[in-house]
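This report concerns only the one structure given below.
Position 1 is the first residue of the sequence; numbering continues from there. Since the structure is predicted, the reported quantities are computational estimates derived from the model, not experimental observations. Note that these values count all heavy atoms, side chains included, but never hydrogens, waters or copies made by symmetry.
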Amino acid sequence: MIPPGTEAALLDSWDYFLHLAMVLTPLFIGASFLVGLAQEYLPPERVEEMLRARDHGSGNVLAAGLGAVTPFCSCSTVPVLAGLLGAGAPTGMAFSFLLASPIVNWIAVFLLFGLFGTGVTVAYVTTALLAAIVAGLIIGTLDLDGYIKDVRITAGGREIATDGGTSASTTADAGGCSECGATAANRTHRERVTAAGKGALSFFRDTLPYIAVGIAIGALIHGAVPAEFLQQIAGPGNPLATPVAALAGAPIYVSISGMLPIAHSLTEAGIPIGTVIAFVIGGAGISIPNLILLNKLFERRLLAIYATTVVTIGITVGVLFNTVFAGLL
C-alpha cells in the first residue's frame, strides 16, 4: 500500500524535474559554448604566459579573473597551476587562479542566473573573486614554496615541471576529458566558433548524467523531503549550519552543474541562501577528485591550507549572504 501523499509528492517532484531541465539545458549549452571559445582563444599555455609577467598584487587580480573566464576542468587546471609554479610565478598568485577556477566560471554564472536571478549571481561572482584575490595575497606572504612537490606532468602535449621550468612538446590530444583537447593555433575564427559549438554539444552529452542526477536529487528534495525537516538541520536556527554546509558539499560533489539544482531546491525549502552558497563553494573547491589531483602537486600541509582556505571562503561568503546581503537580494 502506497503511503498517503506519496503519489502527490512524486508528481510534484516530476513537475519540478521537468521545470529545472527546461531552464538549465539551454543555459548549460550556452555556457559550454563560451567555455569552448575561451579554450580556443585562451589555451592553458597562453594563460601561463600572461600570468608569468605579473607580480604579486596585480597578478592576483589577473589570476583570479583568468581562473574565472578560463574554466578548465581539473585535469587541465592542475597542469596550468604546475606550469605557473614551475616558471617561478608567486605561490599566492597561483593560488588566486586555483581558488577562482572551480567556484567562479561561466557555467556557474549562467546556471546561477537562471536559478537565482541577477542579484544573487552578481553578488556571488563579486564576493568569490574578491575572496580568491585576498586569499592569494595572504598566502603569498607565507613561506610555502617548500611544500610544492617536484613533479613532471604531461598534459595537452606538454611536459610541465614544478622544479624550475616547463618544456613544450609536440601537440597531442590530452584525452580523458572532453574539455581538455589541444587547440590548433592556426584556426580561423569560423573554425574556432564551429569547434566551440561542437565541443559544447559533446560536453553536454558527457555531462548530462551528472546534470540529470543533480536535477533528480533537487526534485526529490523539493517534492518529497519536508521543508520543516531541512530547516531543523540547516535553517537559520542552527548557528553551525553554514560551516557544516561548507564541508558537506565535498563528499557529494561531482560537477557544478549537478550541485546548483540541489542548491536551488534547498533554498526553495527555506534554507538561507548563504548556507546554500557555502555548500556550493565547499563542494566545488574541495571535491574528492580535485583534492586527489592536487595531492600530486602539494605536500599534505599545503593541501590542508588549500582546503582550509576554501572552507573559510565558503563560510565567509555564506555569512555575508545571510547577513549583509539578506535584505538586498
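Scanning both residues, G218 and S265, for their nearest heavy atoms gives O-OG, 2.6 Å. Heavy atoms only, all atoms of each residue included: A63 and M93 are closest at CB-O, 3.3 Å. The shortest non-hydrogen separation linking P261 to G214 is CB-O, 3.7 Å. A284 and P102 make their closest contact through O-CB, 3.5 Å (heavy atoms, listed as atom of the first residue, atom of the second, distance). T25 and A21 get closest at one heavy-atom pair: OG1-O, 2.7 Å. A246 and I315 make their closest contact through CB-CG1, 4.0 Å (heavy atoms, listed as atom of the first residue, atom of the second, distance).
Note on M259: it clusters hydrophobically with L208, by side-chain heavy-atom contacts below 4.5 Å among ILVMFWY residues. Both L320 and V310 are assigned to one and the same hydrophobic cluster, defined by single-linkage of ILVMFWY side chains at heavy-atom distances under 4.5 Å. No continuous path of ILVMFWY side-chain contacts below 4.5 Å connects V122 to V120, so the two sit in separate hydrophobic clusters. V324 and I281 fall within a single hydrophobic cluster, where Ile, Leu, Val, Met, Phe, Trp and Tyr side chains are chained together by heavy-atom contacts under 4.5 Å. Residues V280 and V244 are members of separate hydrophobic clusters, defined by side-chain heavy-atom contacts under 4.5 angstrom among Ile, Leu, Val, Met, Phe, Trp and Tyr.
Considering only residues two or more places apart in sequence or on other chains, F298 meets the ring pair (Phe, Tyr, Trp, His ring centres under 6.0 Å) condition with F95. Listed by chain and residue number, K149, L303 satisfy the side-chain contact (heavy atoms from CB on, under 4.5 Å) test with N295 (two or more places apart in sequence, or in another chain). Among residues two or more places apart in sequence or in another chain, the ring pair (Phe, Tyr, Trp, His ring centres under 6.0 Å) test is passed with F116 by H264. Partners of R300 by side-chain contact (heavy atoms from CB on, under 4.5 Å), not counting sequence neighbours: none found. Annotation: ring pair (Phe, Tyr, Trp, His ring centres under 6.0 Å) contacts of F17 (sequence neighbours excluded): W14.
N322 places a side-chain N or O within 3.5 Å of a backbone atom of G274 that can act as its donor or acceptor partner. Under the 3.5 Å distance criterion, the side-chain polar atoms of S202 are left unmatched by any main-chain donor or acceptor of K198. For the pair S101 (side chain) and F97 (backbone), a donor-acceptor distance under 3.5 Å is absent.
Taken from CD1 in I277 to OG1 in T242, the straight-line distance is 11.0 Å, to the nearest 0.5 Å. Interatomic distance, CD1 of I148 versus CG of L81, reported as 7.5 Å (0.5 Å rounding). Distance CG/L98 to CG/L294: 5.5 Å, rounded to 0.5 Å. Here the CD1-CD1 distance, from I103 to I313, works out to 5.0 Å after rounding to the nearest 0.5 Å. Rounding to the nearest 0.5 angstrom, the gap separating the CG atom in L99 from the OG1 atom in T309 is 6.5 Å. Residue T91 holds its OG1 atom at 8.5 Å from CG of D143, rounded to the nearest 0.5 Å.
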Pairs of donor and acceptor atoms involving the side chains of residues 127-142, under 3.5 Å and at least two apart or interchain, shall be tabulated with distances.
| from | atom 1 | to | atom 2 | distance (Å) |
| --- | --- | --- | --- | --- |
| T127 | OG1 | A123 | O | 2.7 |
| T127 | OG1 | Y124 | O | 3.2 |
| T141 | OG1 | I138 | O | 2.5 |

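Side-chain contact between L115 and L20 is present, with at least one heavy-atom pair separated by less than 4.5 Å. Using a 4.5 Å heavy-atom threshold, the side chains of Y306 and N290 count as touching. Counting only heavy atoms from C-beta outward, the side chains of F33 and V193 approach each other to under 4.5 Å. Taking 4.5 Å as the limit, some side-chain heavy atom of F279 sits within range of a side-chain heavy atom of I262. For the pair L297 and L85, the minimum side-chain heavy-atom distance is below 4.5 Å.
When the options V23, L27, I211 are evaluated for a side chain to side chain contact (heavy atoms under 4.5 Å, CB included) with L111, the one that passes is L27. A side chain to side chain contact (heavy atoms under 4.5 Å, CB included) with S13 holds for exactly one of L220, I221, L18; it is L220.
The number of heavy atoms from other shown groups lying within 6.0 Å of CZ (F204) is above 12.
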